[in-house]
Amino acid sequence: MATVQVSEAEKVYILHGIRDDLRVDGRGCEDYRHMEIETDVVSNTDGSAKVTLGDTAVLVGVKADIGKPRPKVPNEGYVEFFVDCSANATPEFEGRGGEELGTELSNTLYKVFNNKHSVDLKSLCISAGEHCWVLYVDVLLLQCDGNLYDAISVAIKAALFNTKIPRVHISADEEGGKEIELSDDPYDCVRLNVENVPCIVTLCKVGHRHVVDATLQEKACSVASLIISVTHKGTITCTRKVGGGSLDPESIFEMTEAGKRVGKALHAPLMKLLQQEESLGKARQKVGFLG
Amino acid sequence: MPDCFPHAVTFPFLCTTMPTDTKRVRGPEVSQSPTLFLCKHVAVLPSHGRRADGRQRDQVDVRPVFVRCGLVSQAKGSAYIEAGNTKLMCCVYGPREMERKDETDMKCGKLTTDMRFAPFSCLERGSWIQGSQDKDLSLMLHESLQPAVCLHKYPRSQIEVNVMVLENSGSVLAHAVTCASLALADAGIEMYDLVLGCSIRQNGASYVVDPSYMEENSCSSVSSENQGGLTVAFLPSLNQISGLQSDGEMNEETLTAGVRTCIEGCYKLYPVIQQALTKAVRRAAPPPSES
């Protein structure tokens with residue numbers, strides 16, 4: 001993980017600030033930094049989104065392929081996650097340096113989506129036991145400035161919202177053989193229901209309090225953080241303690257409560273924003289990577 | 001010399017697409033256990049009444065554990081744990097000189113964890129090569145153990161913890177944490193506290209503590225709300241949670257109650273582990289005979 005050196009005096013300054021609910025950049029303890037979202041940024045994908053959160057930048061591309069359903073669940077498709085920590089983000093990721101963080105992030109994403117409601121996997125089935133859609137969700141870290149989990153989860157939700165899966169028809173001939181037919185019209189697509197896709201909230205324990213959306217400096221002052229993924233209804237789909245320290249049970253309960261509150265509040269504006277962008281259609285001005 | 005590996009002939013494309021361990025005889029690349037196709041209906045377990053192994057539902061009814069230290073004489077410390085059919089062993093090597101000197105922080109020691117499943121440990125055959133699930137479990141083990149070990153007492157050195165799962169019958173991570181902390185203590189590594197692990201499986205309104213493999217992987221037929229698993233690593237005398245992981249779907253109250261249940265489960269385990277440890281110490285350094 002990208003790390004910064006923070007001196008003892010700086011640490012004390014950050015700690016005292018957080019104790020008084022005033023962080024170095026002027027935010028309160030449960031405030032996010034400025035977030036920018038743009039969908040449909042890569043034309044070769046079926047759905048894509050770019051999210052910047054402070055100086056953290058994440059690009060997510062979703063590709064839909066036709067594959068074979070898993071034998072355990074023949075009537076469902078599946079979603080694959082891959083997180084790439086490119087050396088662009090920090091020189092520490094060069095070579096195999098980013099691999100460890102990449103597997104950690106993607107394993108957490110599998111846990112976050114390991115439930116029946118996040119993505120309707122049954123809608124990804126084409127013909128039971130034979131063909132299904134496989135969604136490859138590829139996450140690319142472009143810049144690291146703390147709070148990767150939250151940025152990634154928002155970007156994934158936006159990219160899944162943007163995903164258009166081509167409509168397919170199955171025709172059976174006289175001998176019972178099945179044939180998959182792809183629609184000729186490129187606009188004849190199926191959209192995913194992303195209502196229940198959770199967002200991740202990372203709470204960093206700094207001193208006796210916890211902060212949302214910690215910068216790298218604040219992260220350096222904390223011993224442990226808690227990751228909570230929350231749906232719009234407030235259901236918790238994944239929690240996880242990260243970092244080298246331990247936490248008091250009471251503070252875990254407090255952090256879960258705060259995480260649920262913050263996560264729940266995150267969904268409505270995000271969905272509104274995505275729908276707003278979608279409704280603009282072709283009139284939308286594209287910002288791209290330099291905006 | 002006649003070819004003595006029949007499947008090397010039958011499957012000439014073997015080992016061409018993926019980097020594999022060529023020194024071992026493997027089955028064909030795509031083969032699945034027949035049980036996958038057989039037991040579609042077996043996965044649904046009743047959600048009331050006694051559990052399959054006679055334990056109580058909705059109560060802190062952990063499986064009786066058998067633990068012993070010092071079964072590998074070559075290792076600095078080792079431990080074996082058996083709970084129901086879950087069997088795993090752990091070896092601790094070190095502290096020894098750090099392998100990679102380029103690590104920035106030389107004031108602290110380094111803890112490395114490695115958790116592996118024997119290929120025959122699960123219902124379906126696994127691979128000898130560490131998969132992403134194993135890596136994830138290793139990371140969870142690392143995060144659970146690190147807060148308990150006094151790493152500042154071992155500058156410039158590393159301590160290796162290796163866990164081998166011999167038989168997987170559920171709650172593997174929880175027992176791995178317990179077993180590894182016992183092995184660390186047996187190795188004489190200075191620690192703040194023992195680390196105990198406990199997991200539960202929530203199934204609608206009811207829960208099972210220390211779930212078996214079947215209970216872990218069952219899909220409930222009743223409600224889809226509040227489905228999930230939770231694993232907690234706990235430092236009993238410091239009253240701190242060093243590891244927390246949950247997946248599935250749970251609301252906040254269920255999660256909080258689940259964490260409390262897990263802590264209770266850890267306390268049930270505590271005397272057994274203490275006893276095993278005192279027994280090991282007594283054997284290593286018998287008390288002076290009173291004469």
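The chains referred to below are lettered A, B, ... by the order of the sequence lines, with proteins before strands, and numbering in each begins at 1. Model, not experiment: these values are computed from the prediction.
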**Study point:** Gln227(B) CD to His117(A) NE2 distance, which is reported to the nearest 0.5 Å
**Key:** 9.5 Å

Check your understanding: side-chain contact (heavy atoms from CB on, under 4.5 Å) between Phe253(A) and Glu252(B): does it pass, once the steps are laid out?
Key -> CA-CA 9 Å; Phe253(A) 300 147; Glu252(B) 194 202 331; over 6 Å; no

Exercise for review: Please state whether the side chain, the backbone, both or neither of Leu247(A) comes within less than 4.5 Å of a heavy atom of chain B.
Suggested key: both

Review point. Minimum heavy-atom separation for Pro147(B) to Gly244(A), with atom names?
Key: CG-O, 3.2 Å

**Study point:** Spatial distance of atom CD (Glu249(B)) from atom CG (Asn196(A)) [nearest 0.5 Å]
**Key:** 7.5 Å

**Study point:** Straight-line distance of Met255(A) CE to Leu244(B) CG, nearest 0.5 Å
**Key:** 10.0 Å

Point to revise | Which of Gln245(B), Gln146(B), Met140(B) touches chain A most, by non-hydrogen pairs under 4.5 Å | key: Gln245(B)

**Study point:** Which portion of Glu100(A) sits near chain B, non-hydrogen atoms under 4.5 angstrom
**Key:** neither

Check your understanding: Side chain of Asn107(A), backbone of Ser132(B): donor and acceptor closer than 3.5 Å?
Key -> yes

Review point. Are Glu143(B) and Val242(A) close enough, and set up right, to give a side-chain contact (heavy atoms from CB on, under 4.5 Å), and what steps lead you there?
Key: CA-CA 7 Å; Glu143(B) 281 174 351; Val242(A) 287; 3.9 Å; yes

Revision key, fill the gap. Which of Asp247(B), Asn251(B), Leu255(B) passes side chain to side chain contact (heavy atoms under 4.5 Å, CB included) with Ile236(A)? It is Leu255(B)

**Study point:** Heavy-atom proximity to chain B below 4.5 Å, by part of Ile227(A)
**Key:** neither

**Study point:** Per-residue contact mode, Leu145(B) against chain A (heavy atom under 4.5 angstrom)
**Key:** neither

Exercise for review: Mind checking the CD-OG1 spacing from Gln133(B) to Thr103(A)? Nearest 0.5 Å is all I need.
Suggested key: 13.5 Å

Study note, to complete from the structure: Ranking Val112(A), Thr237(A), Thr256(A) by heavy-atom pairs under 4.5 Å to chain B gives rank one to Thr237(A)

Check your understanding: Should we say atom CD of Glu130(A) is surrounded by more than 12 heavy atoms from elsewhere, each under 6.0 Å from it?
Key -> yes

Practice item. Could you tell me which non-hydrogen atom of Gln240(B) sits nearest to which non-hydrogen atom of Ser246(A), and how far apart they are? Key: OE1-OG, 2.8 Å

Exercise for review: Quick one: pull up NZ in Lys135(B) and CD in Glu99(A) and give me the separation to the nearest 0.5 Å.
Suggested key: 6.0 Å

**Study point:** With Lys241(A) via side-chain hydrogen bond (donor to acceptor under 3.5 Å, both in side chains) - residues at least two apart
**Key:** none

Practice item. Go through the atoms of Ile263(B) and report whether side chain, backbone, both or neither lie under 4.5 Å from a heavy atom of chain A. Key: side chain

Check your understanding: Atom OG1 of Thr108(A) and atom CG of Asp136(B): how far apart are they, to the nearest 0.5 Å?
Key -> 6.5 Å

Point to revise | Interface moiety of Lys111(A) toward chain B, non-hydrogen atoms closer than 4.5 Å | key: both

Review point. What are the residues of residues 198-209 of chain A, in order of number, with any heavy atom under 4.5 angstrom from a heavy atom of chain B?
Key: none

Study note, to complete from the structure: Tightest non-hydrogen contact, residues Gly248(B) and Asn115(A), listed as O-ND2, 3.9 Å

Practice item. Could you verify whether a donor N or O on one side chain and an acceptor N or O on the other, from Ser246(B) and Thr239(A), lie under 3.5 Å apart? Key: yes

